[in-house]
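A note on names: the letters A, B, ... follow the listed sequences, proteins ahead of strands, and every chain is numbered from 1.
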Amino acid sequence: MSFSSDIIEWYNKHHRHLPWRETDNPYYIWISEIILQQTRVVQAISYYHDLITHFPSVEDMAQASEESILQLWQGLGYYSRARNLHATAREIAHKHHGTFPASYHDLLALKGVGPYTAAAIASFAFNLPHPVIDGNVMRVLSRYIGISDPINSSKGKKLIHDALSALFDNNNPANFNQAIMELGALICKPTSPDCDYCPVRSECFARNHGCVDILPVKSKKKPARNRYLHYWVIENQGNYLLHRRTANDIWKNLHEFLLIESPVPLTEFDILNANPIHPDIVLSKPDFVHHQIHQLTHQTLYVQFYHLHTMHFEPKNDFFWVKEYELKNYSMPILLRRFTDKYLI
DNA sequence: AAAACGGGGAC
DNA sequence: GTCCCAGTTTT
């Protein structure tokens with residue numbers, strides 16, 4: 001029939017039942033779409049549930065602290081999403097008087113909402129005719145149309161955009177968008193796609209030319225850089241020294257122990273010889289040392305934890321003491337959360 | 001246009 | 001190990 005009717009018919013029969021598909025409330029759609037940015041559906045589900053349970057309305061989220069949202073976001077990564085979620089909830093509650101923006105243009109103006117998310121909310125919550133372009137859509141169209149330019153290049157993106165405009169179904173925006181993304185997720189997968197079950201296989205360029213496994217083309221990305229993190233896990237009578245990261249770096253606004261970082265490897269001797277607090281503050285030898293490698297997309301972290309004791313002192317700058325059993329109440333990157341769970345709780 | 005921003009899962 | 005995930009923001 002047509003691309004749109006083919007994929008929508010397939011979608012109606014085979015789609016997954018996901019929590020955010022049971023609602024057209026823009027607030028819930030918004031939360032789900034922010035979570036789903038660069039995040040797999042299976043990982044998103046429990047976070048979505050936790051967030052809407054703690055903050056049933058945008059006013060609830062607006063009244064909450066950023067820290068409380070970061071705590072619920074722990075382990076999900078790309079923490080600017082959580083910070084923007086909080087800022088945008090306040091923006092909507094106060095400047096929009098609690099009414100969610102209902103146009104693509106107004107949605108796009110929200111922090112953390114880009115072209116994809118604005119189109120997703122516009123179509124799913126308001127059934128407005130804005131096509132979404134995400135990783136699924138780019139993969140489906142690069143194969144279906146036969147786009148050999150890298151999909152992360154300007155030319156590739158324009159070809160995708162133009163092809164999508166031609167195929168888009170203005171009469172069924174929400175269903176079209178759901179269908180094409182679901183097709184990418186379930187059938188037109190990155191590796192070993194199930195072309196035999198694809199509703200549009202007969203007109204698919206890649207299928208007809210035997211190049212399903214080389215499309216989409218993507219230009220290479222930079223290799224990860226190395227960072228060497230030395231955490232001083234300093235204890236005084238069941239209290240631990242903590243602070244909040246505020247630099248424009250990974251884990252902004254999350255908490256951590258005292259950190260000494262070097263761009264090159266250092267020995268334990270090098271590290272422990274330098275007192276990071278003050279010459280007058282006596283530190284014990286470490287009780288134990290834990291080391292591990294933590295792989296991020298653009299960085300490889302070589303991490304050492306030195307657990308040691310000290311006398312009480314008044315922390316400088318933004319450091320403060322936290323009782324061991326209250327460490328769980330401070331947002332931390334998953335790397336540190338796992339360390340405290342394993343050794344300190 | 002390119003880089004930065006997390007973490008997990010599939011291969 | 002590599003790639004990619006319902007991308008956005010900053011440089």
Colleague: Taking A:R83 for the side chain and A:E66 for the main chain, is one N or O donor matched with an acceptor at less than 3.5 Å?
Modeller: no

Colleague: Mind calculating the distance between CG (A:L183) and P (C:dA6) to the nearest angstrom?
Modeller: 13 Å

Colleague: Please determine, for the side chain of A:R139, which listed nucleotide (C:dT8, C:dC5, C:dA6) has the closest atom?
Modeller: C:dC5

Colleague: Could you pick out which residue, A:P190 or A:G112, lies toward the 5' side of DNA chain C when each is mapped onto its nearest nucleotide?
Modeller: A:P190

Colleague: Tell whether A:R225 reaches the base of B:dA3 with its side chain through a donor-acceptor pair below 3.5 angstrom.
Modeller: no

Colleague: Nearest whole angstrom, please: distance from the C1' of C:dC4 to the CG of A:L215.
Modeller: 16 Å

Colleague: Rounded off to whole Å, could you give me the CG-to-C1' distance for the A:N152 and C:dC3 pair?
Modeller: 13 Å

Colleague: Check A:P173 against A:F168 and note the closest heavy-atom contact, atom names and distance.
Modeller: CA-CZ, 3.7 Å

Colleague: Is there, by distance only and without an angle test, a donor paired with an acceptor across the side chain of A:T39 and the base of B:dG8 below 3.5 Å?
Modeller: no

Colleague: When the distance from CG of A:L76 to P of C:dC5 is rounded to whole Å, what number comes out?
Modeller: 16 Å

Colleague: Would you say A:Y144 and A:E203 are linked by a side-chain donor-acceptor pair, where the criterion is simply a distance under 3.5 Å?
Modeller: yes

Colleague: Just to confirm, is there a sub-4.0 Å distance from OP1 or OP2 of B:dG6 to any side-chain nitrogen or oxygen of A:W73?
Modeller: no

Colleague: Under 4.0 Å between a side-chain N/O of A:H294 and OP1 or OP2 of B:dG7, yes or no?
Modeller: yes

Colleague: Which is more 5' along DNA chain C, the nucleotide nearest A:S32 or the one nearest A:V113? Just name the residue.
Modeller: A:S32

Colleague: Using a 5.5 Å cut-off between ring centres and planes within 30 degrees, is A:Y78 stacked on the base of B:dG6?
Modeller: yes

Colleague: Any idea how A:F339 and A:F257 line up, ring-wise: parallel (<30°), tilted (30 to 60°), or perpendicular (>60°)?
Modeller: perpendicular

Colleague: Rounded to the Å, how far apart are A:I151 CD1 and C:dC4 P?
Modeller: 8 Å

Colleague: Ignoring backbone atoms, test whether A:R338 places a side-chain nitrogen or oxygen under 4.0 Å from the OP1 or OP2 oxygen of B:dG8.
Modeller: yes

Colleague: So which of A:Y343, A:Y240, A:Y231 actually passes side-chain hydrogen bond (donor to acceptor under 3.5 Å, both in side chains) with A:H307?
Modeller: A:Y240

Colleague: Taking the P atom of each, how far is B:dG6 from C:dT11, in whole Å?
Modeller: 14 Å

Colleague: To the nearest 0.5 Å, tell me how far A:L296 CG sits from A:R227 CZ.
Modeller: 8.5 Å

Colleague: Ignoring backbone atoms, establish whether A:R81 has a side-chain N or O less than 4.0 Å from OP1 or OP2 of C:dT9.
Modeller: no

Colleague: Classify A:G77 by what it touches in the nucleic acid, base, sugar-phosphate, or nothing, heavy-atom distance under 4.0 Å.
Modeller: base

Colleague: In whole angstroms, how far is the P atom of C:dT8 from the CG atom of A:L85?
Modeller: 14 Å

Colleague: Mind checking the C1' distance from B:dA3 to C:dA6? Whole angstroms is fine.
Modeller: 22 Å

Colleague: Which nucleotide, C:dG7, C:dA6, B:dG7, lies nearest any side-chain atom of A:N136?
Modeller: C:dA6

Colleague: Hey, does the side chain of A:T117 come within less than 4.0 Å of C:dT8's phosphate (OP1/OP2), counting only N and O?
Modeller: yes

Colleague: Counting only side-chain nitrogens and oxygens, does A:Q38 get under 4.0 Å of the OP1 or OP2 atom of C:dG7?
Modeller: yes

Colleague: Respond yes when some side-chain nitrogen or oxygen of A:Q299 is under 4.0 Å from OP1 or OP2 of B:dC5, and no when none is.
Modeller: yes

Colleague: Can you tell me the distance, in whole Å, between the CE atom of A:M181 and the C1' atom of C:dA6?
Modeller: 5 Å

Colleague: Looking across every strand, which nucleic acid part, if any, lies under 4.0 Å from A:D249 by heavy atom: base, sugar-phosphate, or nothing?
Modeller: sugar-phosphate

Colleague: Does A:R40 get its side chain close enough to the base of C:dC4, under 3.5 Å, for a donor-acceptor pair?
Modeller: yes

Colleague: For DNA chain B, whose closest nucleotide is more 5', that of A:V42 or that of A:N248?
Modeller: A:N248

Colleague: Rounding to a whole Å, what distance do you find between A:K221:NZ and C:dG7:P?
Modeller: 13 Å

Colleague: Could you tell me how far C:dC5 sits from B:dC11 if I compare only their P atoms? Round to whole Å.
Modeller: 14 Å

Colleague: Could you check whether A:Y48 and A:W20 have their ring centres less than 6.0 Å apart?
Modeller: yes

Colleague: Determine whether a donor-acceptor pair (one donor, one acceptor, N or O, separation below 3.5 Å) exists between the side chain of A:T297 and the base of B:dG6.
Modeller: yes

Colleague: Between C:dT8, B:dG6, C:dA6, which one does the side chain of A:P115 approach most closely?
Modeller: C:dT8

